[in-house]
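These values consider heavy atoms only, across backbone and side chains, with no hydrogens, waters or symmetry-generated copies. Naming: A, B, ... by sequence-line order, numbering from 1 per chain. From a predicted model like this one, the values you see are computed outputs, not experimental measurements.
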Protein chains: 2
Amino acid sequence: MSGSGTTQRLGGENLLFLTEEQLRQGIEAMFFAYRGFTADPDRILADLAYGRAHHRAIHFINRAPGTTVTNLLDILGVTKQSLNRVLRTLIADGLVESRIGTLDKRERHLYLTDDGRELEGRLSDAQRARLRAAFREAGPEAVAGFRQVLEAMMDPEMRRAHAKLRDGRT
Amino acid sequence: MSGSGTTQRLGGENLLFLTEEQLRQGIEAMFFAYRGFTADPDRILADLAYGRAHHRAIHFINRAPGTTVTNLLDILGVTKQSLNRVLRTLIADGLVESRIGTLDKRERHLYLTDDGRELEGRLSDAQRARLRAAFREAGPEAVAGFRQVLEAMMDPEMRRAHAKLRDGRT
DNA sequence: TTGGAGTGTCAACAAGGCTGACGTATGATC
DNA sequence: GATCATACGTCAGCCTTGTTGACACTCCAA
């Protein structure tokens, strides 16, 4: 695994981009970039006594309105107790609405209220502005590569969840 | 590449990759990919009663041996109280060594011990394996784009910190 | 009628952020 | 030599957000 020559070759293909050093730099790039990625929404949320957990819930409820709690649980990858605490405050503050299912009345379907949509807009405007600047600076080919690598980095279930959100509503 | 009916055009450049929908997908890709990115080390750390904070400290001490506490503080972007809590346990557990500076005796220089290097290796092996698979799957051009976009996404200071680590030790 | 699924809630706890305050060396400066 | 600034450590307390475990309720299906 670790330690071979300086240039790794396999089947005549140049794999210089797979050196330990390149991978380390990739790891650090992910770390620093994720910090930037969350910095802008974090600033907005801090003023509202909300955290990233609230942002994530709002984002995915907006993305898939009417989603059930269990579905959201799967996407977010936390326990229902954690999600419930966040959801409770969002509902109490009038940002999220929880409607009992019509087909299956055990289910709760989640929707953003007008206030919720307003906050979602503010948060994602900030985040999109940064991403837009980064995308514009890097160019279309780089963006395609960026998305390819991220996709490949996900766990299979997450890849499915991501694809579902992507294709579900064009 | 260029020209179709529904494309957005600005100054003759095709900006289809900058639509709201594309940006939203980029945001979600970052979210899901970061989860995958941290999943493997997280599993190892859970068994050791350590967390991501310990991982980050170990990573950057390994990356820049002899770094001072203040320097590490800048890279990690946390308070000294937070870092100190982590550092204290790592030193107590014999993974990190803190040496008083020779030039300036106020400074503490941080090094990994043999045990520390062993753990660092285990953690980064896991993380690199995932990244290597993703890089290999996506190919060199995609990886170049990936890194370009991440770089553009960072805050300027982080970009500098990242560049410093990158160029400091080739 | 009974079992199970989906949901909500309570309690307790831990990691890891934060702020504020204080102490102690050491270095730099007047 | 006295004074101020810097680097570091630490105590105390608070917050968010994650975790387990236990329990109750509603509804669907067998």
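Listed by chain and number, the residues in a side chain to side chain contact (heavy atoms under 4.5 Å, CB included) with A:I100 are A:K105, A:R108 (sequence neighbours excluded). Applying the ring pair (Phe, Tyr, Trp, His ring centres under 6.0 Å) rule to A:Y34 yields the partners A:F37, B:Y34; only residues at least two apart in sequence or on another chain are considered. B:D115 meets the side chain to side chain contact (heavy atoms under 4.5 Å, CB included) test with B:L95, B:T113; sequence neighbours excluded. Residues satisfying the side chain to side chain contact (heavy atoms under 4.5 Å, CB included) test with B:E157, not counting sequence neighbours, are B:D155, B:R160. Applying the ring pair (Phe, Tyr, Trp, His ring centres under 6.0 Å) criterion to A:H162, with sequence neighbours excluded, gives B:F32. Residues satisfying the side chain to side chain contact (heavy atoms under 4.5 Å, CB included) criterion with B:A163, sequence neighbours excluded, are B:R166, B:D167. Remark: B:H54 engages B:Y50 in a ring pair (Phe, Tyr, Trp, His ring centres under 6.0 Å) (not counting sequence neighbours).
When rounded to the nearest whole Å, the span between CZ of A:R88 and C1' of C:dG8 equals 8 Å. The CD-P distance, from A:E107 to C:dG4, rounds to 20 Å in whole Å. Rounded to whole angstrom, the span from the CG atom of B:L90 across to the P atom of C:dA15 amounts to 13 Å. The CG-P distance, from A:N71 to C:dA5, rounds to 18 Å in whole Å. One atom, CZ of B:R108, and another, C1' of D:dT6, lie 12 Å apart when rounded to the nearest Å. Rounded to whole Å, the distance from CZ on A:R52 to P on C:dG16 is 14 Å. Between the CG atom of A:L87 and the C1' atom of D:dG18 there is a distance of 16 Å, given to the nearest Å.
Sorted pairs that involve residues 82-96 of chain B and meet salt bridge (Lys or Arg N to Asp or Glu O under 4.0 Å), not counting sequence neighbours, are lacking altogether. Residues in residues 52-61 of chain B take part in these salt bridge (Lys or Arg N to Asp or Glu O under 4.0 Å) pairs, two or more places apart or across chains: B:D42-B:R52.
Between the side chains of B:H109 and B:E97, no donor-acceptor pair of N or O atoms lies under 3.5 Å.
Of the residues in residues 28-39 of chain A, none lies under 4.0 Å from DNA chain D by heavy-atom distance. Within a heavy-atom distance below 4.0 Å of DNA chain C, the residues of residues 73-84 of chain B found are B:G77, B:V78, B:T79, B:Q81, B:S82.
Dashed line: the shortest gap from a side-chain N or O of A:H54 to OP1 or OP2 of D:dT17 is under 4.0 Å.
For the salt bridge (charged side-chain N to carboxylate O under 4.0 Å, His left out) with B:D40, the lone residue among B:R122, B:R128, B:R35, B:R130 that qualifies is B:R130.
Taking 3.5 Å as the limit, the base of C:dG17 and the side chain of B:R85 contain a donor-acceptor pair of atoms between them.
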Write down the protein N/O and nucleotide N/O pairs, taken from nucleotides 24-29 of chain C, whose separation is under 3.5 Å; answer none if there are no such pairs.
| unit_1 | atom_1 | unit_2 | atom_2 | d |
| --- | --- | --- | --- | --- |
| C:dG27 | OP1 | B:K105 | N | 3.1 |

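Nucleic acid contact class of B:H109 (heavy atoms, under 4.0 Å, all strands): none.
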